[in-house]
Amino acid sequence: MPKILIIDDKEDNLIVASALLKNLIPGCTTITALSGIEGLDKAKSEQPDTILLDIKMPGMDGYEVCERLKQDEILKHIPVIMVSAIKVGKNALIKGLETGADAYLAKPIDEYVLAAQVKTALRIKKAEDLLRNQKKILENMVLERTDELMQTNSKLQHEIEEHRQTARKKDELQIQLVQSQKMESIGTLAGGIAHDFNNILFPIVGHTEMLLEDVSEDSSFRDSLNEIYTGALRASELVKQILTFSRQESGEMKLIKMQPIIREALKLIRSTIPTTIEIKQDIKTDCGVIKADPIQIHQIIMNLTTNAYHAMEETGGKLTVSLKEIEFAV
């Protein structure tokens with residue numbers, strides 16, 4: 001459930017705003033603070049999803065509160081909606097936005113405008129949190145893989161030095177070293193691509209999601225927006241598939257269904273082989289589970305389809321992948 005922090009020095013305003021938000025945004029939780037200092041403390045302890053901030057408060061006004069929020073590494077990602085008790089001019093609006101506020105509303109506030117602003121802020125916060133989590137996961141995966149490759153590279157160099165007197169062994173290790181260096185470069189490149197790719201995807205996914213919320217079901221733009229949204233999510237999934245495939249560590253043996261693993265591998269292989277080769281799937285849905293390592297199964301499927309692709313690389317053809325249960329006679 002979304003949490004909304006309301007900061008206002010008048011208790012009556014807090015009660016009214018809290019009741020209004022709970023009515024307009026079902027399921028939300030409101031947290032209240034009667035001063036800027038209390039608001040900052042509750043922002044740190046409660047980690048709200050959005051902050052509704054009054055400007056005119058004794059001691060520390062809303063501008064200073066907003067500046068402190070945006071200077072804090074933990075709190076700076078929380079959207080802030082400033083609220084003024086009186087109608088203000090352009091300079092006050094500019095000042096509010098310069099302090100880092102995401103929106104600025106002047107009383108009397110239309111309750112539906114307030115609800116729309118809060119919902120928009122909540123959607124943006126949710127999208128940004130998801131993007132940061134995905135970015136962190138991808139970067140950690142790449143760092144771990146790169147570290148492993150660097151260790152492997154160091155080990156290979158040491159072995160080459162020890163066996164430099166044996167020409168055959170040296171040649172074999174040199175080939176492995178080159179391959180390890182290539183993989184290390186790919187790991188480093190993947191980290192940069194993952195970072196930039198997420199930056200590209202964020203506005204696409206976030207703004208498309210907001211537009212889908214705003215346009216009506218019968219709008220002529222809805223199909224196009226759905227295509228953009230689906231494509232962006234597919235791109236994000238493809239990055240995950242590539243990184244999963246690049247990992248070579250063994251997973252755990254567990255009960256799995258083969259169908260989703262095969263389909264995932266075929267999506268990846270489809271993007272790497274020429275269009276002159278047709279991929280046909282004959283995957284039975286009633287097949288039972290098996291006990292295996294899903295990463296190894298994924299690797300086996302990729303190896304089999306890659307070998308088949310190389311066999312008809314020049315002439316083209318049809319690559320058929322089938323899955324069915326067979327009973328063996330005893």
Worksheet entry | Side chains of Lys284 and Gln259 in contact at under 4.5 Å (non-hydrogen atoms) | no
Worksheet item: Given side chains that start at C-beta, do those of Leu156 and Ser154 come closer than 4.5 Å, heavy atoms only?
Response: no
Worksheet item: Between the side chain of Asn23 and the main-chain N/O of Ala19, is any donor-acceptor distance below 3.5 Å?
Response: no
Fill in: Asp147 side chain to Leu143 backbone, donor-acceptor under 3.5 Å
no
Fill in: Same apolar cluster (I L V M F W Y, side chains within < 4.5 Å links), Leu122/Val113
yes
Worksheet item: OG1 of Thr30 to CG of Leu20: how many Å apart, nearest 0.5 Å?
Response: 11.0 Å
Worksheet item: Between CD1 of Ile4 and CG of Asp49, what distance do you get to the nearest 0.5 Å?
Response: 8.0 Å
Practice prompt. Report the distance from atom CD1 of Ile269 to atom CD1 of Ile301, rounding to the nearest 0.5 Å.
Written response: 11.0 Å
Practice prompt. Would you confirm whether Lys70, through its side chain, and Lys76, through its main-chain N or O, come within 3.5 Å as a donor-acceptor pair?
Written response: yes
Worksheet item: How close do Leu24 and Ala115 get, heavy atom to heavy atom, and via which atoms?
Response: CD1-CB, 3.8 Å
Discussion item. Restricting to non-hydrogen atoms, name the atom on Ser84 and the atom on Ile55 that form the minimum distance, rounded to 0.1 Å.
Written reply: CB-CD1, 4.0 Å
Worksheet entry | 4.5 Å side-chain heavy-atom contact, Leu52 and Leu5 | no
Worksheet item: Should Arg68 and Asp72 count as an ion pair when the cut-off is N to O under 4.0 Å?
Response: no
Worksheet item: To the nearest 0.5 Å, how far apart are CD in Glu64 and CG in Leu40?
Response: 8.5 Å
Practice prompt. Flag the pair Cys66 / Met82 as yes when at least one side-chain heavy-atom distance between them is below 4.5 Å, and no otherwise.
Written response: yes
Discussion item. Could you check whether any side-chain N or O of Lys22 sits under 3.5 Å from a backbone N or O of Gly27, counting only pairs where one atom can act as donor and the other as acceptor?
Written reply: no
Worksheet item: Are Ile297 and Leu323 grouped together when hydrophobic residues (ILVMFWY) are joined by side-chain heavy atoms under 4.5 angstrom apart?
Response: yes
Worksheet entry | Nearest-0.5 Å distance, OH of residue Tyr63 to NZ of residue Lys56 | 6.0 Å
Practice prompt. Give a yes or no on whether a salt bridge exists between Arg145 and Glu148, defined as a side-chain N under 4.0 angstrom from a carboxylate O.
Written response: yes
Worksheet item: Under a single-linkage definition using a 4.5 Å side-chain heavy-atom cutoff for Ile, Leu, Val, Met, Phe, Trp and Tyr, are Ile78 and Ile37 assigned to the same hydrophobic cluster?
Response: yes
Worksheet entry | Flag, side chain of Lys257 to backbone of Cys287, donor-acceptor distance under 3.5 Å | yes
Practice prompt. Would you indicate whether the side-chain heavy atoms of Lys318 and Ile277 approach each other to under 4.5 Å?
Written response: no
Discussion item. Would the distance check show the side chain of Gln117 and the main-chain N or O of Ile81 forming a donor-acceptor pair, the cut-off being under 3.5 Å?
Written reply: no
Worksheet entry | N-O pairing of Asp129 and Lys126 below 4.0 Å | no
Fill in: Donor on one side chain, acceptor on other, Tyr309 and Glu313, under 3.5 Å
yes
Discussion item. Using side-chain heavy atoms (C-beta onward) and a distance below 4.5 Å, is Leu105 in contact with Leu114?
Written reply: yes
Item to complete: State which residue, out of Lys125, Arg132, Glu128, fulfils the side chain to side chain donor-acceptor pair (under 3.5 Å) condition with His77.
Response: Arg132
Discussion item. Working to the nearest 0.5 angstrom, can you tell me the gap between Leu21 CG and Glu111 CD?
Written reply: 10.5 Å
Worksheet entry | Met1 with Leu130, same ILVMFWY side-chain cluster at under 4.5 Å | no
Discussion item. Quick one: does any side-chain atom of Lys42 pair with a main-chain N or O of Thr32 as donor and acceptor, under 3.5 Å?
Written reply: yes
Worksheet item: With a 4.5 Å heavy-atom cut-off, do Asp8 and Leu34 have their side chains touching?
Response: no
Practice prompt. Keeping the roles fixed (side chain from Arg222, backbone from Leu212), state whether a donor-acceptor pair exists under 3.5 Å.
Written response: yes
Worksheet item: Is it true that a side-chain atom of Ser219 and a backbone atom of Val215 form a donor plus acceptor pair closer than 3.5 Å?
Response: no
Item to complete: Taking all heavy atoms of Lys3 and all of Gln47, pick out the closest pair and write down the distance.
Response: CE-O, 3.8 Å
Fill in: Closest non-hydrogen atom pair, Thr320 against Ser322
CG2-OG, 3.9 Å
Worksheet item: Do any N or O atoms from the side chain of Asp102 and from the backbone of Val80 form a donor-acceptor pair under 3.5 angstrom?
Response: yes
Worksheet item: Applying the 4.5 Å side-chain criterion to the ILVMFWY set and letting contacts propagate, would Val321 and Ile290 be lumped into a single cluster?
Response: yes
Practice prompt. Heavy atoms only: give me the nearest Ala43-Leu69 pair and the separation to one decimal.
Written response: CB-CD2, 4.0 Å
Practice prompt. Write down the atom of Asp214, the atom of Arg123, and the distance for their closest heavy-atom approach.
Written response: OD1-NH2, 4.0 Å
Worksheet item: So, do Lys44 and Leu75 sit near enough that their side-chain heavy atoms are less than 4.5 Å apart?
Response: yes
